[in-house]
Trainee: 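One structure coming up, written as C-alpha cells, with questions to follow.
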Amino acid sequence: MSAVPLLDPVPSLPTLLRAVRRDLTPGERAGLRAGPEAARALDVFARRPPTWRNHTWEADHVQAPLPVDADGTPVRPHITWFIDTTTKVVTGVAVTPGHPTRASILTALRAAVLRHDPYGPAGGIPENLRIDRGKDFLSTTVTTALGTLGVTTRALPPYSPHLKGTVENLNGAVDRMLFAALPGYTPTPQPRRRDRRPTQPPLTFRDFTTEVLRWVTWWNTEHRPQALAGRTPLEAWNADPTPLTDIPADQLWSLTLEDDGRPRPITSHGVRFRKRDYVAAWMTGHLGRTVRVRHMPHHLHEIELCDPTTGRHLGTAYLANAATDEQLDALRRARAARARRLRADTKAAEKLRRERFAPTTTPDDARRLQALTALDADRELDHADHVDLATLALPDLIPPTPPPAHWATPTTHKAEPEEQP
C-alpha cells in the first residue's frame with residue numbers, strides 16, 4: 001500500500017500578511033483594496049516639459065452631484081470647460097441642465113476662444129487640445145470646428161484620466177470646493193431610508209450657474225495653485241509673452257454652428273427646414289433667394305441663414321407658429337401620463353410572463369396560479385381590442401375597384417370580361 005503524500009500545512013494569518021507585504025507593491029495592495037484608481041494614485045508619472053500659454057488645452061464634462069430646479073424639473077447639471085495646462089486658467093465654461101451635448105462643447109469653445117466682454121481676457125486659439133473619447137467630443141460638428149481653427153486634437157485612450165490631469169484636477173477641485181457647499185450635495189448614491197431632517201430646497205438653474213461662474217472667476221483671479229509658485233492663473237497668463245492668435249467673433253460664430261449642407265429657397269412661407277417653417281421680418285423682399293441654414297445642435301427654435309456662395313450671415317429666422325408655454329406644459333403632462341400608463345402596462349405584462357404553477361406530489365397536469373375573474377379578463381381584452389389598430393381595421397369595408405383595362409397588371413388581377421347575354 002503506497003503512502004499518502006502529506007499536504008503542506010496552512011500558513012497562519014500573520015504569515016500570510018507578511019508574505020503579502022513582502023511580495024506585493026503598495027500600489028498592488030491599494031488596487032486590491034480600493035480599485036484601479038487607488039493603485040494609479042501610487043504610480044509615478046513623468047512630468048511633461050514646460051510649455052507656454054495656449055500650447056495645450058484640456059476639455060471635459062463634470063456632473064454636479066446635486067439636484068437643480070430647471071423650470072420645475074429636477075436635473076443634475078453638467079459643466080463643460082476648457083483649461084490651459086500651462087497657466088491653469090479656465091478659458092471657457094458652459095453649464096447644461098441635464099446631459100451635455102455637442103452644443104455644450106461648441107458653446108464652451110466659443111467662450112474659450114473669444115477674449116472680449118463678457119469673456120476673456122484669457123483665450124485665443126490653442127495649438128493642441130486633449131479630450132477623451134466621448135461621442136460628443138468626437139462628433140463631426142466639433143471635430144470640423146476644431147480642424148477649421150487649426151487645432152490639433154488628441155483623443156486619449158480610454159480609462160486614462162492621468163493623461164489629462166489638469167482638467168481632472170479641476171473636476172475634483174470644483175467638487176470639493178463648490179459642490180460640497182451647495183444644498184442637495186450627494187457625492188455617492190445613498191441607501192433608501194426615511195430621513196426626518198429638514199432639507200433645503202434645490203437651487204434654481206440660474207442660481208447654480210451664477211455660483212459656478214463666480215467660482216471660475218475665483219479660480220482664475222484668487223486661487224494660487226502650487227505649480228504656479230504663488231501666482232494666480234490669470235497672473236501667470238498675463239506674465240507669459242507668447243503671442244496670441246485671435247479670430248473675429250463673426251467668423252467664430254459661423255464655425256461653431258452645424259451646416260445643413262444644401263441650399264434652400266425663401267418661399268412665401270419662409271424657409272422650410274426639417275419639416276418646419278422659419279420666418280423673419282428681414283425676409284421681406286427676398287422671395288426666391290437661395291440661402292444656407294446653419295444652427296446650433298438641438299436649438300431648433302431659431303436658425304441662422306447665410307449666403308450659400310460667400311457664407312455671409314443674412315439674419316436669424318424663427319420657428320413659425322411656435323407652441324406657447326401653456327401648450328408645451330400640457331404636452332409634457334400628457335406625455336408623462338402616457339409614460340406612466342406604459343410603465344404600468346409593462347409591469348402588468350411582466351407579472352403575467354412570470355407565470356407561477358402549483359406544486360404537486362402526484363403525477364398531474366401543471367396548474368396555473370393566476371387568480372382573475374372572468375369580468376376582469378373580459379374588461380382587459382375589450383380595452384386591448386379598442387386600442388389595437390390592427391383589430392379595428394376594416395380592409396374589406398370598401399372593396400377596391402378593378403384596375404382599368406389599359407393598365408399593365410398581372411393576369412390574376414385583370415378584370416374578367418362580362419358575358420354577353
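Values below: every heavy atom of this structure, side chains too, minus hydrogens, waters and symmetry copies. For the single chain, residues carry numbers from 1 onward in sequence order.
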Trainee: side-chain hydrogen bond (donor to acceptor under 3.5 Å, both in side chains), that's the test. Do N171 and W81 meet it? Break it down for me.
Mentor: CA-CA 10 Å; N171 294 340; W81 42 25; 3.1 Å; yes
Trainee: Please lay out, stage by stage, how T232 and L228 fare under the test side-chain contact (heavy atoms from CB on, under 4.5 Å).
Mentor: CA-CA 7 Å; T232 67; L228 299 182; over 6 Å; no
Trainee: Quick test of your reading: applying salt bridge (charged side-chain N to carboxylate O under 4.0 Å, His left out), list the pairs with at least one residue in residues 204-228, sequence neighbours left out, ordered by first then second residue.
Mentor: E211-R214, R224-E235
Trainee: Pair W57, E127 - check side-chain contact (heavy atoms from CB on, under 4.5 Å), show working.
Mentor: CA-CA 8 Å; W57 286 3; E127 300 178 26; over 6 Å; no
Trainee: Distance only, no hydrogens: is a donor on one side chain within 3.5 Å (strictly under) of an acceptor on the other, for S104 and T96?
Mentor: yes
Trainee: Can you check whether V151 reaches P126 side chain to side chain, under 4.5 Å on heavy atoms?
Mentor: yes
Trainee: Can you find a pair of side-chain heavy atoms, one from L244 and one from N54, that are under 4.5 Å apart?
Mentor: yes
Trainee: Measure across A320 and V279 and return the closest heavy-atom pair with its distance rounded to 0.1 Å.
Mentor: CB-CG2, 4.1 Å
Trainee: How close do P100 and D136 get, heavy atom to heavy atom, and via which atoms?
Mentor: O-OD2, 4.2 Å
Trainee: Any chance the side chains of T51 and T86 put a donor and an acceptor closer than 3.5 Å?
Mentor: yes
Trainee: Quick one: pull up OH in Y278 and CG in L300 and give me the separation to the nearest 0.5 Å.
Mentor: 4.5 Å
Trainee: Determine whether V93 and L213 make a side-chain contact, defined as any pair of heavy atoms from C-beta on separated by less than 4.5 Å.
Mentor: yes
Trainee: So which heavy atom on L66 is nearest to which on P77, and how close?
Mentor: O-CD, 3.7 Å
Trainee: Evaluate the side-chain proximity of F82 to L129: yes if any heavy-atom separation is below 4.5 Å, no if none is.
Mentor: yes
Trainee: Specify the closest pair of heavy atoms between A145 and L106, including all atoms of both residues, with the distance to one decimal.
Mentor: CB-CD2, 4.2 Å
Trainee: Applying salt bridge (charged side-chain N to carboxylate O under 4.0 Å, His left out), which residue pairs with at least one partner in residues 284-296 are found, sequence neighbours left out?
Mentor: D259-R292, D259-R294, R289-D307
Trainee: How are the rings of H286 and W282 set relative to one another: parallel (under 30°), tilted (30 to 60°) or perpendicular (over 60°)?
Mentor: perpendicular
Trainee: Please determine whether the number of non-hydrogen atoms from other residues, nucleotides or ligands lying under 6.0 Å from atom CZ of R133 exceeds 12.
Mentor: yes
Trainee: Run the numbers on V293 and R264 for side-chain contact (heavy atoms from CB on, under 4.5 Å), then give the verdict.
Mentor: CA-CA 8 Å; V293 174; R264 298 171 181 270; 3.8 Å; yes
Trainee: With sequence neighbours excluded, what pairs up with P26 under the side-chain contact (heavy atoms from CB on, under 4.5 Å) test?
Mentor: R29, L42
Trainee: Is it true that D240 and W237 share a donor-acceptor pair across their side chains at a distance under 3.5 Å?
Mentor: no
Trainee: Would you find a donor on one side and an acceptor on the other, under 3.5 Å apart, between the side chain of E58 and the backbone of I83?
Mentor: no
Trainee: Could you grab the distance from atom CG of L24 to atom CG of L32, nearest 0.5 Å is fine?
Mentor: 6.5 Å
Trainee: Once you round to the nearest 0.5 Å, how far does OG1 of T141 lie from CG of L257?
Mentor: 9.5 Å
Trainee: Does D69 have any salt bridge (charged side-chain N to carboxylate O under 4.0 Å, His left out) partners at least two apart in sequence or in another chain, and if so, which?
Mentor: none
Trainee: So for atom CZ, which belongs to R276, do other residues, nucleotides or ligands contribute more than 12 heavy atoms lying within a distance under 6.0 Å?
Mentor: no
Trainee: Going by the salt bridge (charged side-chain N to carboxylate O under 4.0 Å, His left out) test, which pairs reach into residues 79-104, not counting sequence neighbours?
Mentor: R102-E258
Trainee: For the pair T267 (side chain) and G270 (backbone), establish whether a donor and an acceptor sit closer than 3.5 Å, ignoring hydrogens and angles.
Mentor: yes
Trainee: Taking all non-hydrogen atoms of both residues into account, name the closest pair between N128 and H55 and its distance.
Mentor: ND2-O, 2.8 Å
Trainee: So, taking the atom named CG in L149 and the one named CD1 in I125, what distance separates them when rounded to the nearest 0.5 Å?
Mentor: 5.0 Å
Trainee: D277 versus V271: any side-chain heavy-atom pair under 4.5 Å?
Mentor: no
Trainee: Kindly state each residue pair satisfying salt bridge (charged side-chain N to carboxylate O under 4.0 Å, His left out) with at least one member in residues 104-115, sequence neighbours excluded.
Mentor: R115-D246
Trainee: Once you round to the nearest 0.5 Å, how far does CD1 of I105 lie from CG of L109?
Mentor: 9.0 Å
Trainee: Sequence neighbours excluded, which residues qualify as side-chain contact (heavy atoms from CB on, under 4.5 Å) partners of H301?
Mentor: H299
Trainee: Who are the side-chain contact (heavy atoms from CB on, under 4.5 Å) partners of T107, not counting sequence neighbours?
Mentor: A94, M296
Trainee: For D175, what residues pass the side-chain contact (heavy atoms from CB on, under 4.5 Å) criterion, not counting sequence neighbours?
Mentor: P65, F179, Y185
Trainee: Filter on ring pair (Phe, Tyr, Trp, His ring centres under 6.0 Å), then keep only pairs touching residues 127-173, sequence neighbours left out; what's left?
Mentor: F45-H162, H61-F137
Trainee: Is the shortest side-chain heavy-atom distance between L170 and W219 below 4.5 Å?
Mentor: yes
Trainee: Would V75 and F205 count as a side-chain contact (heavy atoms from CB on, under 4.5 Å) if you check the C-alpha gap in whole Å, the side-chain angles of each, and the deciding distance to 0.1 Å?
Mentor: CA-CA 9 Å; V75 298; F205 180 69; 5.7 Å; no
Trainee: Salt bridge (charged side-chain N to carboxylate O under 4.0 Å, His left out) with D60: which residues, sequence neighbours excluded?
Mentor: K164
Trainee: Would you sort out whether H313 and E304 count as a side-chain hydrogen bond (donor to acceptor under 3.5 Å, both in side chains), showing the intermediate values?
Mentor: CA-CA 7 Å; H313 181 230; E304 308 295 337; 2.8 Å; yes
Trainee: Indicate yes or no: at least one non-hydrogen side-chain atom of T56 is less than 4.5 angstrom from one of T166.
Mentor: no
Trainee: Any idea which heavy atoms bring L114 and I247 closest together, and the distance?
Mentor: CD2-O, 4.2 Å
Trainee: For residues 94-129, which residue pairs pass the ring pair (Phe, Tyr, Trp, His ring centres under 6.0 Å) check, not counting sequence neighbours?
Mentor: H78-H99
Trainee: Is the shortest side-chain heavy-atom distance between L234 and T221 below 4.5 Å?
Mentor: yes
Trainee: Rounded to the nearest 0.5 Å, what's the gap from CZ on R272 to CD1 on I266? Could you check?
Mentor: 15.5 Å
